[in-house]
Amino acid sequence: MAAVYKSLSKSSSSQKAEAPANGVRKNKQRVLILSSRGVTFRHRHLLNDLAAMLPHGRKDAKFDSKSKLYQLNELAELYNCNNVMFFEARKGQDLYIWLSKVPNGPTVKMHLQNLHTMDELNFTGNCLKGSRPVLSFDSAFEQQPHLRVIKELFLHTFGVPQGARKSKPFVDHVMGFTFADGKIWVRNYQINEVEAGKGAADEEAAAAAAASKGRGGKETDISLIEIGPRFVLTPIIIQEGSFGGPILYENKEFVSPNQVRADLRRKSASRHNARAEQQVERLARHGDLGLRTSGGKKAAADALDARELFA
Amino acid sequence: MVNKGRLKMALAAEKGVDFQKLHQKKVAKQAQKKKVQKPAANGGAEDEDNLDEDEDEGGAPVSDDDDNSEDEEEESDIEMAGAMHDESSSDSEVEMEKKIERKPKSSLKATKAAAPKPAQDDEDEDEDEEEDEEDIPMSDLEDLDDDEKEDLIPHTRLTINNTTALLASLNRIAIPTDKSVPFATHQVIISDEPTAEGIEDIQDDLKRELAFYKQSLEAAKKARTLLKSEGVPFSRPNDYFAEMVKDDGHMERVKAKLVEEASAKKASSEARKLRDLKKFGKQVQVAKLQERQKAKRDTLDQIKSLKRSTRHRPPDFAVDYANPLTERQESSGDVGTNEADLFDVGVEKELKKHGGQKAFGRGGREGGVNAKRQKRNEKFGYGGKKKNAKSGDATSSGDMSGFSARRMKTGAKGKPAKTSRLGKSRRQAGGNKY
């Protein structure tokens, strides 16, 4: 009996596997969300905020290693995830985000700046936990290949697939990704529908309403209320494999925060250095003139010196 | 069972990766060979010609795509085989894995199905190649002599932008988002214009956020129309309650914050108003006091001058004001004084009336003016300074009403008949000179 069932189920499942290839394929994504050790509380809160918005995400404990990131592949497979969002904290202050497609890449590494979690922002917007977002991309994402890859990864990671397990059936928020100033700015808004007011915009709305009347929807105006979190991403590299493989793209404009900090320190140190140098120079000059009690050059004894004359 | 399946999968995955690399090399070689052979063995078919041209223009990408597609197919076949074995374990993850491996194949198909896309890709690559020409990678300069190499200034960071490989990996993972699939499957909206164009200064928070907002708003509007046209529920009904991203406690905090902000704003604006009032209020108060004082002085002056004028008035004047027109007609010479008198008389009448009322009020007795009280007031002094009341001042000494030139010329002789002078008390009681 069991064998019959098995054979039947096998045949049916193999058919199922065949079917989507011909027709509409189901978009299945699962994201493993985890961070490295050494994240600050803000990084952790951001992770939680993002995880709350991704019903197809699987949050895991902190990952212990920063050098053996390829282990994440095995971890993701263990959790049945085909995407990884990994927060890597460095020096307890810098945050790097890795987005990867698990079995065979690509991977993008980005530097995260200007982080504001939902908690800090006090925005009034709110949305259903696990509702599917509308992903709004800047058209700049279509223009360069590396941005297209990044866009695709965003789509896989942040876009909640249709029919995901805990997703809600309504669409009530927009995630905006904008490419400006060499960085990707991420915003999250609630879609607020209000009754269309009587005004100039009313005519358009009326026209649209006439069009949609057949579906019996009553026409409303849309406004957005920001929910949070806010952050800015600077792409650094794109790798071909998942946490490995050759580098396909490297951002030349990216300056490491270490570099920035070092420059700042150097700048502030330069004043002290200049003073110290000056002091050494002054001592040397005094020594040359024979003005120092110890060290330096002694002034040559003058034949007409009183001490010489009346010795 | 599960472990076994995982292990197998891991093995297969590893194999797949290795295989892929090997295969890529092999196929690349084949492609090169083909390239060499093709010009010679040109069948003359137009399609092939086009292909050649593509390869010449776009360089590697097209051939690379082909490689990948073959590659993927084979790879996925292998994976399929592995998966089929594992089917017995009937694990959900296996299904998942298979999906992943299948993805690239069908996505490739989708991109192939969409005609305009490859052309666009080619264009993009062309642009990128142009950009790349600005920086010359070191690998391209290996042919140079050592002497020449010394003159080079190497950049510390090379521009790595392998567009062909990027596009290949993009095609491998891409989910179709074009019009061939329903919008609800991906919910991606790409704006018409780059948002960065709308931002003049990236540091200007307000304008930047506005640009972001506009982009998202536009997307939301488009998405709504698309979803509604597909019959997908969009807006949440009011009676649908579910867990929200921000819990009630958080929203409570947000609300409290808002209230606090609003009240702080109100308080500060009120404080400012008060401050301003204080500043101006002083001036206003001073001005008002001055005005009041001036008004008082004016009325007092008027009363004074009025009293004086009534004092010097001829006795028959009392009759005159009853019939002012006759007076004016008779003495048209000094209309001005008469008019002033006329006016003043009215005022005096009013004043008298008020005074009477005042007295009446104070006395509390009926019967008009309390004559006795008035007398006593005058006699013993009531209100104000009595000292120097009778001494002359500038107006009294300037007052020439009692002076007559005729009498002066006639001297004592011409003195009018002496009127019998009343006693002092009676004179004072009369109040008048007469």
Side-chain angles (χ1 to χ4, degrees), chain A residues 10 13 17 21 24-25 27-28 52-53 80 82 101 103-106 118 122 124 126-129 132 134-140 142 145-146 148-149 152 155 159 162 168-172 174 176 178-181 185 187 189 191 193 212 215 217 222 224 227 238 240 247-250 252, chain B residues 6 9 13 17 87-88 92-93 96 98-100 102 106 124 128 157 159-163 165-167 169-170 173-175 181 184-196 199 202 212-213 215-217 219-221 223-224 227-228 233-236 242-246 251 254 257:
Chain A
K10 191 186 275 182
S13 65
V24 179
R25 204 173 37 79
N27 171 24
K28 269 207 173 179
M53 289 192 293
N80 197 15
N82 56 354
K101 289 296 290 179
N104 28 29
M118 259 184 215
N122 285 315
T124 51
N126 202 351
C127 66
L128 288 170
K129 197 170 188 167
R132 303 183 61 209
V134 172
L135 299 176
S136 158
F137 286 100
D138 187 357
S139 67
E142 281 293 278
H146 68 274
R148 288 178 66 190
V149 170
E152 199 63 34
L155 165 59
Q162 201 172 22
K168 304 283 192 307
F170 306 109
V171 180
D172 64 351
V174 191
T178 310
F179 187 77
D181 194 29
W185 305 68
R187 297 288 182 268
Y189 300 97
I191 300 174
E193 287 186 283
S212 67
R215 288 176 292 281
I222 284 184
L224 299 180
I227 302 171
I238 297 177
E240 190 170 28
I247 291 172
L248 303 183
Y249 169 79
E250 185 167 15
K252 208 170 49 169
Chain B
R6 263 180 212 144
M9 285 320 298
V17 172
E87 205 80 342
S88 55
S92 68
E93 75 186 65
M96 191 78 190
K98 200 164 51 186
K99 288 256 154 91
I100 301 164
R102 293 196 65 81
S106 49
D124 286 347
D128 282 319
R157 190 173 290 197
T159 331
I160 303 175
N161 194 358
N162 190 349
T163 53
L166 278 173
L167 286 171
S169 53
L170 172 67
I173 62 165
I175 297 174
V181 291
T185 58
H186 53 85
Q187 294 195 347
V188 169
I189 297 268
I190 295 159
S191 68
D192 297 329
E193 288 164 11
T195 313
I199 309 170
I202 200 77
F212 296 164
Y213 178 89
Q215 180 201 325
S216 291
L217 184 66
K221 279 180 178 163
R224 189 176 66 159
L227 286 173
K228 280 194 171 168
F234 182 81
S235 48
R236 175 169 68 114
E243 196 181 357
M244 307 290 273
V245 164
K246 293 178 182 173
M251 289 313 281
V254 170
K257 183 93 183 170

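In what follows, chains are A, B, ... by sequence order, proteins preceding strands, each numbered from 1.
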Undergrad: If I measure from the heavy atoms of chain A, does Lys257(B) come under 4.5 Å with its side chain, its backbone, both, or neither?
TA: side chain

Undergrad: Which one wins on heavy-atom pair count under 4.5 Å against chain A: Val254(B), Asp192(B), Val245(B)?
TA: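 Max contact count across the listed options: Val245(B).
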
Undergrad: Run the side chain to side chain contact (heavy atoms under 4.5 Å, CB included) check on Val181(B) and His186(B) step by step: do they pass?
TA: CA-CA 9 Å; Val181(B) 291; His186(B) 53 85; 3.9 Å; yes

Undergrad: Return the CG to NZ distance between Asn161(B) and Lys252(A), rounded to the nearest 0.5 Å.
TA: 10.0 Å

Undergrad: Any donor-acceptor pair under 3.5 Å linking the side chain of Glu240(A) with the backbone of Gly105(A)?
TA: no

Undergrad: Taking the side chain as every heavy atom from C-beta outward, state whether Lys101(A) and Ile173(B) have any pair of such atoms under 4.5 Å apart.
TA: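 Of all side-chain heavy-atom pairs linking Ile173(B) with Lys101(A), at least one is under 4.5 Å.
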
Undergrad: Heavy-atom cut-off 4.5 Å, strictly under: side chain, backbone, both or neither for Tyr189(A) against chain B?
TA: side chain

Undergrad: Taking side chain as everything from C-beta outward and backbone as N, CA, C, O, which of these in Leu155(A) sits under 4.5 Å from a heavy atom of chain B? Side chain, backbone, both or neither.
TA: side chain

Undergrad: Give, for atom CD1 of Ile189(B) and atom OG of Ser139(A), the distance between the pair rounded to the nearest 0.5 Å.
TA: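 Going from the CD1 atom of Ile189(B) to the OG atom of Ser139(A) covers 13.0 Å.
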
Undergrad: Taking Gly159(A), Pro106(A), Ala180(A), Cys127(A) one by one, which has the highest count of heavy-atom pairs under 4.5 Å against chain B?
TA: Cys127(A)

Undergrad: Ala196(B), Ser235(B), Ala219(B), Ala242(B): which one forms the most heavy-atom pairs within less than 4.5 Å of chain A?
TA: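 That would be Ser235(B).
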
Undergrad: Hey, is Arg224(B) close enough to Glu193(A) for a salt bridge, meaning N to O under 4.0 Å?
TA: yes

Undergrad: Where the side chain of Thr178(A) meets the backbone of Asp138(A), is there a donor-acceptor pair that is under 3.5 Å apart?
TA: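 Side chain of Thr178(A) to backbone of Asp138(A): no pair is present.
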
Undergrad: Heavy-atom distances under 4.5 Å only: say whether Ile238(A) touches chain B with side chain, backbone, both or neither.
TA: side chain

Undergrad: For each of Pro169(A), Ala52(A), Ala140(A), tally heavy-atom pairs with chain B at distances under 4.5 Å, and name the one with the top tally.
TA: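 Answer, by heavy-atom pair count under 4.5 Å with chain B: Pro169(A).
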
Undergrad: Examine distances only and state if a side-chain atom of Lys246(B) and a backbone atom of Thr124(A) form a donor-acceptor pair shorter than 3.5 Å.
TA: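 No; judged by distance alone, with no hydrogens or angles, the pair does not exist.
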
Undergrad: With distance as the sole test, does Ser169(B) use its side chain to make a donor-acceptor pair with the main-chain N or O of Leu166(B) at under 3.5 Å?
TA: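 A pair under 3.5 Å: yes.
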
Undergrad: Of the listed residues (Glu152(A), Met118(A), His146(A), Gln162(A)), which shares the most heavy-atom pairs with chain B below a 4.5 Å separation?
TA: Glu152(A)

Undergrad: Any idea which of Ile199(B), Ile202(B), Asn162(B) has the most non-hydrogen atom pairs under 4.5 angstrom with chain A?
TA: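 Greatest number of close heavy-atom pairs with chain A: Ile202(B).
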
Undergrad: Please classify the contact between Val174(A) and chain B as side chain, backbone, both or neither, with a heavy-atom cut-off of under 4.5 Å.
TA: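 Side chain of Val174(A) only, per the 4.5 Å heavy-atom cut-off to chain B.
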
Undergrad: Would you call Phe234(B) and Phe170(A) a side-chain contact if the rule is heavy atoms closer than 4.5 Å?
TA: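 No, every pair of side-chain atoms sits at 4.5 Å or beyond.
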
Undergrad: Check whether Arg132(A) gets within reach of chain B through its side chain, its backbone, both or neither, counting any heavy atom under 4.5 Å.
TA: both

Undergrad: Would you mind telling me which of Asp181(A), Asn126(A), Val149(A) has the largest number of heavy-atom pairs within less than 4.5 Å of chain B?
TA: Asn126(A)

Undergrad: Name the region of Gln215(B), side chain, backbone, both or neither, that has any atom closer than 4.5 Å to a heavy atom of chain A.
TA: both

Undergrad: For Leu217(B), which atoms come within 4.5 Å of any heavy atom of chain A: side chain, backbone, both, or neither?
TA: both

Undergrad: Quick check on Ile191(A) against chain B: is it the side chain, the backbone, both or neither that has a heavy atom closer than 4.5 Å?
TA: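 For Ile191(A), the side chain is the part near chain B, not the backbone.
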
